[in-house]
Every structure is written in C-alpha cells, then in structure tokens.
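A short write-up of the structure that comes next.
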Number of protein chains: 2
Amino acid sequence: MTEGPRPRPTLRDIATALGLSVNTVSRALGDKDSVSAATRAAVQAEAARIGYVPNTLARSLVLGSAMTLGLVITNPSNPFYAQLISSIELRVRAQGYSLLLLVTDESVENEQRATEALLRSAVDGAVVVPVQAEWDHWRRVRDSGIPLVFVNRDVPELGCDMVGVDYERGSYEATSHLIAGGARRLLLLEEDLPITTTADRITGFRRAMADAGLKVSDDQVQAVPTKRYDSLALPWQPEEAYRFAQTLLTDAHPDGHPDGFVTGNDYFALGLLRALAERDLAVPGDVAITGYGDHPYAAYLQTPLTTVRLPAAEVGTTAVDLLLQRLRAGTERPRKTLIRPELVIRASTGGPPALTNRQEQPSSTPG
Amino acid sequence: MTEGPRPRPTLRDIATALGLSVNTVSRALGDKDSVSAATRAAVQAEAARIGYVPNTLARSLVLGSAMTLGLVITNPSNPFYAQLISSIELRVRAQGYSLLLLVTDESVENEQRATEALLRSAVDGAVVVPVQAEWDHWRRVRDSGIPLVFVNRDVPELGCDMVGVDYERGSYEATSHLIAGGARRLLLLEEDLPITTTADRITGFRRAMADAGLKVSDDQVQAVPTKRYDSLALPWQPEEAYRFAQTLLTDAHPDGHPDGFVTGNDYFALGLLRALAERDLAVPGDVAITGYGDHPYAAYLQTPLTTVRLPAAEVGTTAVDLLLQRLRAGTERPRKTLIRPELVIRASTGGPPALTNRQEQPSSTPG
DNA sequence: TTGAAAGCGCTAACAG
DNA sequence: CTGTTAGCGCTTTCAA
C-alpha cells in the first residue's frame, strides 16, 4: 500500500528478462510476422505478467503521429455541443485515436491559445467549432500541415472541410410553418453573436417572408442582448429573452402586436413564453412560437414547443470521418456538408397537444 | 496553396541556421540563465521567423511527464457534467496541462478501455466520474502511479481523493421542505442506476421522513425504469418519468394519492408535471414537487420548479486542484470533499411564482 | 528469425 | 557562456 509506484515497464524489461533484444520484443508485440511463434508467446506472456503497456509518447515520436485529434469547442453546456462532444469522442475512439479537448468559451483569445496547444501537442488533425471573429491562427495550424474540419460554423477563407447544419433551411421552415398557420406579423428573436449560424437563420426568415409576399421591417429582426457567453454557467439565459420580450410586448406596435415569434434558440422561447403568459396572451391562440434546437425539455413544456431539431450526432460523426479521410487521402478539394435539420411541430404552433414522442428521433448513432 | 506542408521546424533548424548547438538553442528558448543575451535574442528571433513550436512529444518523453490530465466522464449531455467539463478544462488549461477526454456512457467496458488509453497516453493524472459497477481497472491505473480523483461518485475501495456533492443533504432538505409545506404522503422518484448518488438521495429522503416521524413504506421509493443510458441522446428521458407517473397516479393508493413528490432529477419532474396536469392535479395545490439539478429550464416552467442546485463548477475546480496537489506533494491520506448543494425554492412547492433570478447563482467561477 | 545500429526531438549532465 | 555526450522508449533500416 505504501510501496511507491515502480517505474513503468518498458520493452527492455521484457527483453532482459527473456534474454532477447529490445527489437525482437517490439516485433513480437507488434504482430510482425518475422518472429517465431515460441518467441512471440514468451514475450506476450512476460508482457502480460509485468503489466507492460506501450508508451505512446515514444511510439508517437518515432512514428511522427500522436494518434490524437483535437476538439476545439465553444461551450459544452450548450446541449447541441454536448451531443457533438459525445458523438465525436465515440467516433474518434472507435478509430483508435485519442481526443484532446479545448474549450474556447467564444473567446478569440482562448481560441488562439488553443491553436498553440494543438501545434505543440502535434495532433494529427482537429475538429473545430470556430469563434469566427478571427482566423489567422487557424491558417497557421492548417499551414503547418494539420488538417482541420470546421463544424457548425465555417471559415470559408481557409478552404477547409466543413460540416454544419442547414440553419437557413430550418429557419425558413419554421417561419413558413408559422405563416401557413395564419401568422402575419412575425418577429424573429435572434442571438447577438457575430456568427454565421445566426446570420443564416435570419436569411431563412427573410426568405420565407419574401416567398409569402410579406415585407420585413428592421424591427422585425431583433437581437436579444446577451451577457458575455459563459460556458461555466448556461449556454443562454432564458431570462434575457424574457426581459427583452417584456419590453417588446409593452412597446407600441403600430401594425398590431406580433402574432408569431421565430426564436433562434429554445431558451429564448422559454423566456418568451413566460413573458407572454404574464400578459395573458395565449399560445398558440394569440401568438404562435417556434424554438430552435429541440432541447430535452421542449416537448415537455406546458405548451410543448415547436422547434427545429438539430442532427448533432450526425454532424459529429461526419466531421470525424471527413477528418480521417483527409488524413489518409491527400489533398482534395474541401468538402462542405450541410445536414438538414427537422422541424418538429408541437402545440406552440397549433400542433398536437400531446407530447411528441422522443423515440421518433432519427438515430444517427453509429455502430 | 498547393505546396505541401513543410516538416515542422525543430531546434536543429534554428541551431544550424545560427551556427549554434541544439543544446544552446534549447536553453535560449527555455529561459535558462546560462545563455548570453545576444544569443538568446538571436535564437528567439529565428524561432519566431520560422514559426518554431516545441514538440511536446519529445519534451514529454525526456521529461517523463506528458503534462496531460485525463477526464473520464459518463455523459456530457447531462448538464451537470457539461458544466463539470467546462470548469475542469478551464482549470487544467490554466495550470498548463492538456486534457484528454474519455466518455464512458455508463458502460464498464468503455471505462476499462478508457483506463487502457490513460495508461498508454501516460497521463500525469486523471479526474474520473466512475461507473462504479467495477473498479479493478482503476486499481491498475492507480498502482501504476497515476493519481486519480473521483468526482461525484466515489470508489472508496481505492483510497483515492474524491470530490462530490452532498446528495443526501440535498435530498434531505428537499424532503423536509415538502414536509414543512404540509405534505405527508411523499413519494420519491429515483433513477435506477446502481450508483451512490441515487443511494445517497434515497438515504436523505428516508432520514428526513424519519426525523419528521413519518414512516416510509417500500412503494414510497420508486425507481423509474430507464432505457440504456445513451450520451448521444439525452441524459434522461422525461418521457419515462411521465409514463411511470401515469401508471402511478392510476394505481389505487390505500392511504390516498401522494401529495408530494421528490424526484432525483429535473427531467423526472418534467415528466411528472405533465402527468399531473393531465389528471388535473394542481401543483403545488394538490401536489408539491421538487426536482434535482436546477437545469436551465427549471426556473422557466409554467410552474417554476423547486429544485436542488448543484455546485458543478466548484466540484470541477476542486477536483483539478486536488489532483495537482497530489501530483506535487507525495503520499498523503486521501481527502474526501462533499460540497453542499442548495435548495432553490420556487412555485412547485408554493414558493414565489415569479422567476427565481438566475443571477443569484453563487459564482464559483475561478479566475 | 534475430540482433545491432541509428534516430525521432528534446533536455540534463558534464566539459571546456 | 557554449558544445559534446548521453539517453528518454520505441521503431525501422540493415546485417547476420
């Protein structure tokens, strides 16, 4: 119990114990065919006996590959990213790689430090959810020969592979759905981050409105002011949308109050629902609402929430697959993949009041 | 653009360029004082010019430390664990270490493979949320000299450091709170995993009941049958608690229907709320409810949920600190720390109907 | 089939 | 202050 940990066994320990050369032991363990069956058996027995575990560090140094991939992500507390982490880790591990995790918290500075870490650790490649504000540091990583796959948000300037969600389409469908349900005075509540996902949803909203022959004034697209993103706390604060909506609903609306809200985030929908309830506005009677993300609680709100379900697992595994392909194959053109999200219709837009069965969820679970 | 990535620069590149020895370059970059100012400046300039980044692999090999910690966790989609990941990653990075992530998905088999990976990667230590069903593989890791800190769940047999939450106390307080509010026929809805967190909550429930002079029959402690844990999907399915509660509320209750529910999980509370609403039972009028976890939505449900808030960030940073201390100091007695959770009282137990302000949340944010 | 030698990139110990 | 030597643990030549 108090006995200090012995230094971990090496190939040499096995070699000397068996009167062999380090080299032979290495080959015996490596399943090369240039070793006699007897030797191999002896080596393996001795290895097992002393609990030999190969030293990846030394192995990587000579092989020139650490068999490690990096995952650079903004905020694990965002359920979408949490699922992404799971699916990526699973796939990476299944392919025999290790996963180095770096959290950026939407900070460019953290991201720059993350790239340093990737470089130093000599990862073979990285899956990245970029902050998007700057990307010179990513250029440096790419130029040093580390393949990158951007996830959820692209950095087109770098010409790397990319896997994302078709946010524009999701937003388009949500908006169209509200319009089809009779809403005319729509309002979009969006995140106020300078990222393409938000921009894409705005585009989808505008396009749906245009396709329906509805005009969009500037005050129909609102950015909910958000405190500094903090992955130690929540991904988003429902409270911010709540306060924002309180004001919004108090303001004079020359053309009448909004009768439909598209939100860029289920948390916004949550805050909004509260604000509406306080003003005795019925959902979906007076106002219809869509969320975005299909968070676990969405189906279980008093008024189950119509929302856009994101294919997190599929995005994650696709990203890893792209990365590994590029690791093997050489230089091809960058591939950009957008995976289609799914509008889940529930009571908040007049859908069935009963809960939407979670088991419908398409299983993109690998293996 | 099509130019292949040059091999990454090494110390030797700098040395030959400057007509110095590799060793001198190493010292110049390493800020040792045994280098002339001029040489150091020249070396640093050249290093910057060619974009030299030290190779951690080689460095680790000779130094005998990879400056890497492992994080073995069950399910990132559980908001508590998501916050744990963030806080741990932040702290680990702040201390100059890298973080290797392994997800076990509550599977012993995955956990065993994870320990292999930790051993091979030669991590300096690991923060572990153990599956708890078996632990021989952890013994092996510990015996090979890799310090372990168990988080949230302990494996007392191994005598490692441990940081957790005082689940028993949280449960005790929630139960006592319900009793104080007048509830007498209480029911506990718990997870059906064979883990200590669940067991501790059951203990807390029983103790609170006993302290109030209330008897607890076997059918007052119920385990909600759960599908195989799947970190690719949800941490828990509200639906399971919903269906379970449906049955529960239909069953005959000789002593009258329950008037208070303690749940081991906010998701269970969510499903339960739905089932109660469908039977026109008012919360908290007919039935009072407590959740566990204070998930982001808890404050924003139609009936804001009284729940137990978990100190995730504090647990995470404490775990890393313990691990690093042990890495530096030698063999002390294992330290076990339970951090106290906080009962947040809301409308589901007759608390204020207005939202509980999230900003009250104690900030255990480091640095 | 096995061994000897060389080297991955870096740092520590010792000379000079 | 700087260079030489040695070695971390492993794998890949090349001989024997």
Side-chain angles (χ1 to χ4, degrees), chain A residues 6-44 46-47 50-68 98 119-124 144-146, chain B residues 6-44 46-47 50-68 96 98 119-124 144-145:
Chain A
R6 303 170 295 313
R8 72 190 280 177
T10 70
L11 286 185
R12 211 174 53 190
D13 295 327
I14 302 179
T16 53
L18 264 44
L20 291 170
S21 78
V22 171
N23 188 331
T24 305
V25 175
S26 170
R27 280 180 317 214
L29 256 25
D31 265 340
K32 313 285 182 188
D33 39 359
S34 50
V35 179
S36 78
T39 307
R40 160 163 304 127
V43 167
Q44 286 174 343
E46 176 66 8
I50 65 175
Y52 170 77
V53 177
N55 184 330
T56 302
L57 252 37
R59 189 162 205 281
S60 298
L61 184 58
V62 50
L63 257 34
S65 158
M67 288 302 280
T68 298
S98 293
L119 251 18
R120 275 195 311 269
S121 305
V123 296
D124 298 293
S144 82
I146 298 178
Chain B
R6 305 172 293 314
R8 72 190 277 175
T10 70
L11 286 185
R12 210 172 57 190
D13 295 327
I14 303 179
T16 53
L18 264 46
L20 291 169
S21 78
V22 170
N23 189 323
T24 304
V25 175
S26 169
R27 279 179 315 210
L29 256 24
D31 265 341
K32 313 285 185 189
D33 40 358
S34 50
V35 179
S36 78
T39 308
R40 160 164 303 126
V43 167
Q44 285 174 344
E46 176 68 6
I50 66 174
Y52 170 78
V53 178
N55 183 331
T56 302
L57 251 37
R59 188 163 204 280
S60 298
L61 183 59
V62 51
L63 257 34
S65 159
M67 288 301 280
T68 298
S98 293
L119 251 18
R120 276 195 310 269
S121 304
V123 296
D124 298 293
S144 82

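Numbers restart at 1 for each chain; the letters A, B, ... are given by sequence-line order, proteins then strands.
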Return yes if some donor-acceptor pair links the side-chain N/O of A:Thr56 with the main-chain N/O of B:Arg120 below 3.5 Å, else return no. yes
Residue-phosphate contact under 4.0 Å: A:Thr39 side-chain N/O, C:dT2 OP1/OP2: yes
Find which nucleotide of DNA chain D each of B:Val22 and A:Val53 is nearest to by heavy atoms, and output the residue with the more 5' nucleotide. B:Val22
For Watson-Crick and G-U wobble pairs within 3.5 Å on both distances, what is DNA chain C written in dot-bracket notation, | included for inter-strand pairing? ||||||||||||||||
Between P of D:dC10 and CG of A:Asp13, the distance in whole Å: 9 Å
Please give, in whole Å, the distance from D:dC8 C1' to A:Arg12 CZ? 10 Å
Nearest-Å distance, CZ (A:Arg59) to P (D:dC10)? 10 Å
CG of A:Leu18 versus P of C:dT2: gap in Å, rounded? 11 Å
Tell me whether the side-chain N/O atoms of A:Tyr52 come closer than 4.0 Å to OP1 or OP2 in D:dC10. yes
Starting at atom CG of A:Asn55, determine the distance to atom C1' of D:dC8, rounded to an integer number of angstrom. 9 Å
When you look at B:Glu46 and B:Val43, which way does the side chain to side chain contact (heavy atoms under 4.5 Å, CB included) test go after all the steps? CA-CA 5 Å; B:Glu46 176 68 6; B:Val43 167; 5.9 Å; no
Roughly how many Å is it from CG in B:Leu57 to P in C:dT11, rounded to a whole number? 13 Å
Rounded to whole Å, please give me the gap between CG in A:Leu29 and C1' in D:dG9. 13 Å
Nearest-Å distance, CD1 (A:Ile14) to P (D:dT11)? 11 Å
For the atom pair OG (A:Ser60) and CG (B:Asn55), what is the distance rounded to the nearest 0.5 Å? 9.5 Å
For D:dG3, does either OP1 or OP2 sit under 4.0 Å from a side-chain N or O belonging to B:Thr24? yes
Between the protein and nucleotides 12-14 of chain D, which nitrogen or oxygen pairs come in under 3.5 angstrom?
residue : atom : partner : partner atom : Å
D:dT12  : O4   : A:Asn23 : ND2          : 2.7
D:dT13  : O4   : A:Asn23 : ND2          : 3.4

Under 4.0 Å between any heavy atoms, over every strand shown, what does B:Thr10 touch: base, sugar-phosphate, or nothing? Just pick one. sugar-phosphate
Run the side-chain donor-acceptor check on residues 11-20 of chain B: report pairs under 3.5 Å with partners two or more places apart or on a different chain.
residue : atom : partner : partner atom : Å
B:Asp13 : OD2  : B:Thr10 : N            : 2.8
B:Thr16 : OG1  : B:Arg12 : O            : 3.0
B:Thr16 : OG1  : B:Asp13 : O            : 3.2

Would a 4.5 Å heavy-atom cut-off, applied to side chains only, mark B:Leu57 and B:Leu61 as touching? no
Do A:Arg8 side-chain atoms and B:Ser144 backbone N/O form a donor-acceptor pair below 3.5 Å? no
